[in-house]
Amino acid sequence: MSRFLPDTFTVLLVLTVIIASFAPVSGTTAEYFGYATKIAIGLLFFLHGARLSRDVVIAGFLHWKLHLTILASTFVLFPLLGLGIGALVPAVLSPTFYAGVLFLCVLPSTVQSSIAFTSIAGGNVPAAICAATASNIFGMFLTPVLAGILLSAQGHADFSLEALRSILLQLLAPFILGQILQPWIGNFLRSKKTILMPIDRGSILMVVYLAFSESVTEGLWRTISISDLVMLIAIDIILLAIVLTATMFGSRWAGFSREDEIAITFCGSKKSLASGVPIATIVFAGQSIGSIMLPLMLFHQIQLMACAVIAQRYANKLVKASNAI
């Protein structure tokens, strides 16, 4: 039963949205809070770069077929499905929510949870580490570019080179700096993972609080109904189910090993809230992004619940196979 309960971070996200709904930050305070948020996000990506072992990355990239499969699922299959969902606009899905769904579809994969589920299921963990990491590195470029192209094609937004420049300065530059310093501080940071976790999660919560504060001030909850939430949840579930099915059975059809199939299934079907929230603030700068981030926040919990069940089933099959020998 616990596998269906929200994780601690999801509970914190919900509490952050509730606080922003009743006590939104505004005015000069919001301006200074925004500066602090940018610093926190820069620190987050610096730590990502500093903790990433180059040896693991180099070894994992040798399995190029697996990585191309995962990248294709993340940055080709998902966006194509997102374009298909456009048929629901405006009869079923509002243009704003559709922009959020389309943005969700161009995000990179998760890192921590993809690796964790691959490990639980008995999959290829080194490959999962490299694949998820590569997805996030490429995502710094591909996500804003794909978001700009797809949203422009749908008439929702114009692609901005300024947004890409901001991505490079606010996210990629700290990441590269972290990689440069990794040989000297990497081992220390990896050993302090628990201590540094509040920085990781705290920076995301800061962005969510600021984004929803702005949206609430502009009347967010007056424009969202229960039926909207139900529709978004249904779309997220269908989207995840299609990609899980495609990655799982597609990897079998392509002849991948069981271990590789597990890595492809989990890395190719998940979307990163940690990367998505900071990128959204840049791609949709100047817009009310609370409703745009809503599909991603719902997808975050849905993917955790679904993948927890799938990972356990993989693990149970492995135990039965071992006992049968």
Side-chain angles (χ1 to χ4, degrees), residues 48-49 51-84 102-147 150 171-172 175 236 239-276 279 296 299-300 302-304 306-311 313-314:
H48 282 334
R51 287 185 296 211
L52 181 59
S53 171
R54 294 179 192 173
D55 293 337
V56 172
V57 174
I58 294 173
F61 276 122
L62 296 177
H63 202 343
W64 60 270
K65 185 179 178 182
L66 178 144
H67 298 303
L68 286 179
T69 301
I70 293 173
L71 289 173
S73 175
T74 303
F75 296 115
V76 178
L77 176 58
F78 258 111
L80 289 175
L81 292 173
L83 288 175
L102 207 53
F103 177 69
L104 157 70
C105 289
V106 299
L107 286 173
S109 178
T110 61
V111 177
Q112 289 90 346
S113 56
S114 292
I115 296 168
F117 286 130
T118 299
S119 177
I120 292 170
N124 189 338
V125 175
I129 293 173
C130 298
T133 301
S135 178
N136 277 264
I137 294 174
F138 288 128
M140 294 184 200
F141 298 99
L142 291 177
T143 293
V145 171
L146 288 173
L150 296 183
L171 307 184
L172 186 60
F175 180 88
D236 280 350
L239 186 62
L240 179 61
I242 292 173
V243 178
L244 280 170
T245 301
T247 51
M248 184 182 299
F249 293 101
S251 57
R252 293 179 190 175
W253 176 82
F256 284 99
S257 67
R258 176 189 178 279
E259 291 76 14
D260 288 347
E261 173 195 321
I262 291 171
I264 292 170
T265 298
F266 290 122
C267 295
S269 64
K270 302 175 93 254
K271 290 295 182 177
S272 175
L273 181 70
S275 295
I279 293 176
L296 173 60
F299 191 87
H300 170 77
I302 293 169
Q303 70 182 4
L304 290 180
C307 290
V309 173
I310 294 171
R313 288 185 176 178
Y314 269 119

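Sequence positions, counted from 1, serve as the residue numbers for this chain. Just so it is clear, the values below take in all heavy atoms, side chains as well, and ignore hydrogens, waters and symmetry mates.
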If you compare all heavy atoms of P79 against all heavy atoms of L150, which two are closest, and at what distance to 0.1 Å? CB-CD1, 3.9 Å
Taking every heavy atom of A131 against every heavy atom of I70, the minimum-distance pair comes out as CB-CD1, 3.4 Å
Once you round to the nearest 0.5 Å, how far does OG of S119 lie from CG of N124? 11.0 Å
Answer whether the closest heavy-atom distance between the side chains of T110 and Q303 falls below 4.5 Å. yes
So, taking the atom named CG in L146 and the one named SG in C105, what distance separates them when rounded to the nearest 0.5 Å? 11.0 Å
Run T265 and Y314 through side-chain contact (heavy atoms from CB on, under 4.5 Å) and show every step you take. CA-CA 11 Å; T265 298; Y314 269 119; 3.9 Å; yes
Heavy-atom check, side chain of T69 versus side chain of F256, under 4.5 Å: yes
For a quick test of reading the model, state the closest non-hydrogen atom pair linking S135 to F75 and the distance between them. O-CZ, 3.6 Å
Is D236 reaching over with its side chain to a backbone N or O of F299, donor-acceptor style, under 3.5 angstrom? yes
Residue pair L239 / F78, side-chain heavy-atom distance below 4.5 Å: yes
Report the C-alpha distance between R252 and F249 in whole Å, list the side-chain angles of each, state the deciding distance to 0.1 Å, and finish with yes or no for side-chain contact (heavy atoms from CB on, under 4.5 Å). CA-CA 5 Å; R252 293 179 190 175; F249 293 101; 3.5 Å; yes
Step by step, work out the side-chain contact (heavy atoms from CB on, under 4.5 Å) result for L304 and S113. CA-CA 8 Å; L304 290 180; S113 56; 4.0 Å; yes
Minimal non-hydrogen separation, L107 against S272, with atom names: CD1-O, 3.9 Å
What's the verdict on side-chain contact (heavy atoms from CB on, under 4.5 Å) for F175 and I137, showing C-alpha distance, side-chain angles and the deciding distance? CA-CA 9 Å; F175 180 88; I137 294 174; 3.7 Å; yes
Roughly how far, to the nearest 0.5 Å, is the CD1 atom of I279 from the CZ atom of F103? 6.0 Å
Nearest 0.5 Å, please: how far is CD1 in I242 from CG in L81? 5.5 Å
Report yes if some heavy atom in the side chain of V243 is under 4.5 Å from a heavy atom in the side chain of S73; otherwise report no. yes
Exercise: identify the closest heavy-atom pair between S109 and C267: OG-O, 2.7 Å
Nearest non-hydrogen partners of K270 and S114, listed with the distance: CD-OG, 3.6 Å
Got a donor-acceptor contact below 3.5 angstrom from the S251 side chain to the M248 backbone? yes
When K271 is tested against each of V106, L240, L104 for side chain to side chain contact (heavy atoms under 4.5 Å, CB included), which residue passes? L104
List for me each residue that meets salt bridge (charged side-chain N to carboxylate O under 4.0 Å, His left out) alongside R313, sequence neighbours excluded, and say none if there are none. none
With side chains defined as the heavy atoms from C-beta onward, is the minimum distance between N136 and M140 less than 4.5 Å? no
